[in-house]
There are 2 protein chains.
Amino acid sequence: MNIGDVAERTGLPAKTIRYYEEIGLIHPLRGTNGYRSFTDAHVHKLAFLGRARGLGFSIEECRALLALYEDRGRASADVKRIAKTHLAGIEEKMKELSAMRDTLADLVEKCAGDHRPDCPILKDLSEVGQDAP
Amino acid sequence: MNIGDVAERTGLPAKTIRYYEEIGLIHPLRGTNGYRSFTDAHVHKLAFLGRARGLGFSIEECRALLALYEDRGRASADVKRIAKTHLAGIEEKMKELSAMRDTLADLVEKCAGDHRPDCPILKDLSEVGQDAP
DNA sequence: CTTGACCTTCCAGTTGCTGGAAACCTTATG
DNA sequence: CATAAGGTTTCCAGCAACTGGAAGGTCAAG
């Protein structure tokens, strides 16, 4: 199977698939013409990677997950630990975004948004930051 | 004022301040010794940038906000538009993260996390993706 | 005079791709 | 068989927003 077919089947861009080979996530064979040659197992692996990336796992986490996936003797605890760590990171990021959103929503609401120059948004940004008002 | 003082006053790393000069956000003068020389106005600007970045505005958005800030004849509508667009982006990101979190939390909960190899997390990642179950 | 704390520039690396150029291979059609 | 279109290859560069480190100049104190 050529890279184009794999791209279509996995939904991953061919560029990304080449990149994943470059960083050692997959090891497709090569045909006599130099083209990468993929098997169903490669497609399966790439789909796995696509889904893991879709859940926000980093490349290194994906590498670890893939290794565990291929290790019949793995302990599910190892998988769970990675997922939990990642989950914690996501929740952390959500908290940060949530704080930003609250502040921004408040400022946006307060801003008249007309032709006049007075602007609570700029005012807030230009004021000395207070951690605990 | 030297860069170290400015770093301390604004909370921005000196490296970041140099970077902001490099990309044209600020234009400190230079002393005869080649050291950057900052005024209170620079400190103010940098603090503005720090707070805008803290709210997640991109560098280009910060540049635009700074320009508006220094334009006495600005229309607050222009500021509000930038903020609203950014706010929408944040809410978008939060939705994505929220979906990831829900899926992950579900999988983590289902995973025994012991010495056994059976793992719903890996199982999910290896399964054919269904958009609408 | 020397030590140590600053400051300077420049180069490289981070994350995860993405775009583009130049060149080769394959397939379909005239 | 020639040619054109489309697929594939490699390599190089760039995105965002810094961050780290090396090599060297400067300054104030003892």
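Sequence lines set the chain letters: A, B, ... in the order given, protein chains first and strands last, and positions in each chain run from 1. Please read these numbers as outputs of a predicted model, since none were measured by experiment.
Separating the CG atom of B/Asn2 from the C1' atom of D/dC27 is a distance of 10 Å, rounded to the nearest angstrom. Here the P atom of nucleotide D/dC18 and the CZ atom of B/Arg63 are 12 Å apart, to the nearest Å. Separating the CD atom of B/Glu22 from the P atom of C/dC7 is a distance of 18 Å, rounded to the nearest angstrom.
Considering only side-chain N and O atoms, A/Arg30 lies under 4.0 angstrom from the phosphate OP1 or OP2 of D/dT10. Here B/Arg36 reaches the OP1 or OP2 of C/dT8: one of its side-chain N or O atoms lies under 4.0 Å away. At least one side-chain nitrogen or oxygen of B/Thr16 sits closer than 4.0 Å to the OP1 or OP2 atom of D/dT19. Between B/Arg53 and the phosphate of D/dA16, there is no side-chain N or O to OP1/OP2 separation shorter than 4.0 Å.
For the pair B/Arg18 and B/Glu22, the salt-bridge criterion is not met [side-chain N within less than 4.0 Å of a carboxylate O]. Salt-bridge check for B/Asp114 with B/Arg116: passed, with a basic side-chain N closer than 4.0 Å to an acidic carboxylate O.
Ring geometry for B/His44 versus B/Tyr69: interplanar angle under 30°, hence parallel rather than tilted (30 to 60°).
Comparing B/Asn33 and B/Tyr19 against DNA chain D, the residue whose closest nucleotide sits nearer the 5' end is B/Tyr19.
Side chain of B/Pro13, nearest nucleotide from C/dC17, D/dT19, D/dT9: D/dT19. Closest to the side chain of B/Arg18, out of C/dT18, C/dT9, D/dT9, is C/dT9. For B/Ile59, taking side-chain heavy atoms from C-beta onward, the closest of the listed nucleotides D/dC18, C/dC17, C/dT8 is D/dC18. Nearest to the side chain of A/Lys15, among D/dA17, D/dG25, C/dT18, sits C/dT18.
No hydrogens or angles were tested; on distance alone, nothing pairs the side chain of A/Tyr20 with the base of C/dG16 as donor and acceptor under 3.5 Å.
The side-chain heavy atoms of A/Leu55 and A/Ile90, taken from C-beta on, include no pair separated by under 4.5 Å.
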